[in-house]
Amino acid sequence: SAGNALVEQRRALEVSAMGLSRLAATFAPMLAGRPHGAFVDVLSSSALAGDAGHAGFAAAEAARLSLLQAFRHEMRGAGVRVLSVFTGPVDDADHQHAPPPKVPPARIAAAIAEALANGREETCVGDVAADVMMRWLADPSLYVREKNL
């Protein structure tokens, strides 16, 4: 029902976006001034474009991405780097229904270490996230249309 969809959308926003805000507010002061301080968030490539089948989840991920961009600006003054890590389906219990390719968690960890070592602020892990980012950067409107056919 529409009411259940709204409840799920509110829950997704509360967990993804507001949860991230609470984490940032708690940990940013602890990271401030540390020579290698970094705030890292792993988010779905769904953050780049709405998904008609999972609108609440995509909207929550998009809100999270927007917050990360703001945190990047706010935390830079304190010497804290912010890394956004985009991924497609992860090979974990929550994504057993998703078709391959799935990203192993160890690959995400390695990509985070590499991105931090190379000073990047964003990185994509896995073929799905890399393809989404490439298509979105080329033409965001076209990507959204094709994704929701």
Side-chain angles (χ1 to χ4, degrees), residues 1-32 37-99 101-105 107-109 111-116 119-149:
S1 78
N4 286 341
L6 289 175
V7 168
E8 286 303 312
Q9 288 173 3
R10 177 176 282 133
R11 182 180 177 283
L13 285 165
E14 176 62 32
V15 171
S16 287
M18 298 311 299
L20 177 70
S21 288
R22 286 189 290 276
L23 279 172
T26 300
F27 287 102
M30 291 179 218
L31 294 170
F39 188 88
V40 178
D41 190 38
V42 178
L43 65 160
S44 170
S45 56
S46 293
L48 298 172
D51 184 337
H54 304 282
F57 174 75
E61 293 295 286
R64 201 157 113 194
L65 175 58
S66 183
L67 287 167
L68 281 168
Q69 292 165 339
F71 295 158
R72 184 172 289 119
H73 174 72
E74 292 171 8
M75 293 180 183
R76 186 173 285 126
V80 178
R81 296 182 300 157
V82 174
L83 173 62
S84 305
V85 181
F86 295 93
T87 186
V90 177
D91 192 7
D92 63 11
D94 291 335
H95 296 93
Q96 292 305 305
H97 67 281
K102 297 179 197 175
V103 179
R107 187 165 175 208
I108 296 170
I112 290 169
E114 178 188 343
L116 290 171
R120 290 200 303 268
E121 293 183 339
E122 291 184 347
T123 194
C124 293
V125 183
D127 295 339
V128 171
D131 180 63
V132 166
M133 182 64 79
M134 180 186 69
R135 292 171 57 204
W136 182 80
L137 287 170
D139 189 336
S141 296
L142 177 62
Y143 172 68
V144 171
R145 283 192 305 273
E146 290 175 348
K147 180 178 180 177
N148 289 295
L149 288 178

Using side chain to side chain contact (heavy atoms under 4.5 Å, CB included), reason through Phe39 and Leu68 one step at a time and then give a plain yes or no.
CA-CA 9 Å; Phe39 188 88; Leu68 281 168; 4.2 Å; yes
Side chains of Ser84 and Asp41: does their closest heavy-atom pair fall under 4.5 Å?
no
Nearest heavy-atom neighbours spanning Ala58 and Ala49:
CB-O, 4.0 Å
Within the 4.5 Å heavy-atom criterion, are Pro89 and Val128 side-chain neighbours or not?
yes
Residues in salt bridge (Lys or Arg N to Asp or Glu O under 4.0 Å) contact with Arg72, at least two apart in sequence or another chain:
Glu121
Can you tell if the side chain of Arg120 reaches within under 4.5 Å of the side chain of Thr123, non-hydrogen atoms only?
yes
Please determine whether a side-chain nitrogen of the Lys or Arg among Glu14 and Arg22 lies less than 4.0 Å from a carboxylate oxygen of the Asp or Glu.
yes
Minimal non-hydrogen separation, Gly56 against Gln9, with atom names
CA-CG, 3.4 Å
Between His54 and Asp51, is there a side-chain donor-acceptor contact under 3.5 Å, judged purely by atom types and distance?
no
Closest heavy-atom pair, Ser16 versus Arg64, reported as atoms and distance to 0.1 Å, is O-CD, 3.1 Å
CZ/Arg145 to CG/Asp139 distance, rounded to the nearest 0.5 angstrom?
6.5 Å
Separation of Glu8 CD from Leu6 CG (nearest 0.5 Å):
10.5 Å
Backbone N or O of Lys102 within a donor-acceptor pair of the Asp91 side chain at under 3.5 Å?
no
Starting at OG of Ser45, measure out to CZ of Arg135 and round the result to the nearest 0.5 Å.
10.5 Å
Tell me, do Arg107 and Val125 make a side-chain contact under 4.5 Å, heavy atoms counted?
yes
Do Phe86 and Ser44 pass the side chain to side chain contact (heavy atoms under 4.5 Å, CB included) test, and can you show the C-alpha distance, the side-chain angles, and the key distance before you say yes or no?
CA-CA 5 Å; Phe86 295 93; Ser44 170; over 6 Å; no
I need the Phe57 CZ to Arg11 CZ distance, nearest 0.5 Å.
11.5 Å
Please check: side-chain N/O of Asp131 versus main-chain N/O of Met134, any donor-acceptor pairing under 3.5 Å?
no
Between Leu13 and Ala63 the two heavy atoms that sit nearest each other are CD2-CB, 4.1 Å
What is the minimum heavy-atom distance between Val80 and Ala28, and which atoms define it?
CG2-O, 4.4 Å
Taking the side chain as every heavy atom from C-beta outward, state whether Leu137 and Leu48 have any atom pair closer than 4.5 Å.
no
Using a 4.5 Å cut-off on heavy atoms from C-beta on, say whether the side chain of Leu23 contacts that of Ser21.
no
Give me the atom names and distance for the closest heavy-atom approach of Ser46 to Glu61.
C-CB, 4.4 Å
Take Leu116 and Arg81 through the side chain to side chain contact (heavy atoms under 4.5 Å, CB included) test and state the conclusion after the steps.
CA-CA 9 Å; Leu116 290 171; Arg81 296 182 300 157; 3.7 Å; yes
Chi angles and distances behind the side chain to side chain contact (heavy atoms under 4.5 Å, CB included) call for Leu20, Phe71:
CA-CA 10 Å; Leu20 177 70; Phe71 295 158; 3.8 Å; yes
Give a yes or no answer on whether the side chain of Asn148 reaches the backbone of Gly50 with a donor-acceptor pair at less than 3.5 Å.
yes
Side-chain heavy atoms of Cys124 within contact of Thr87, under 4.5 Å
no
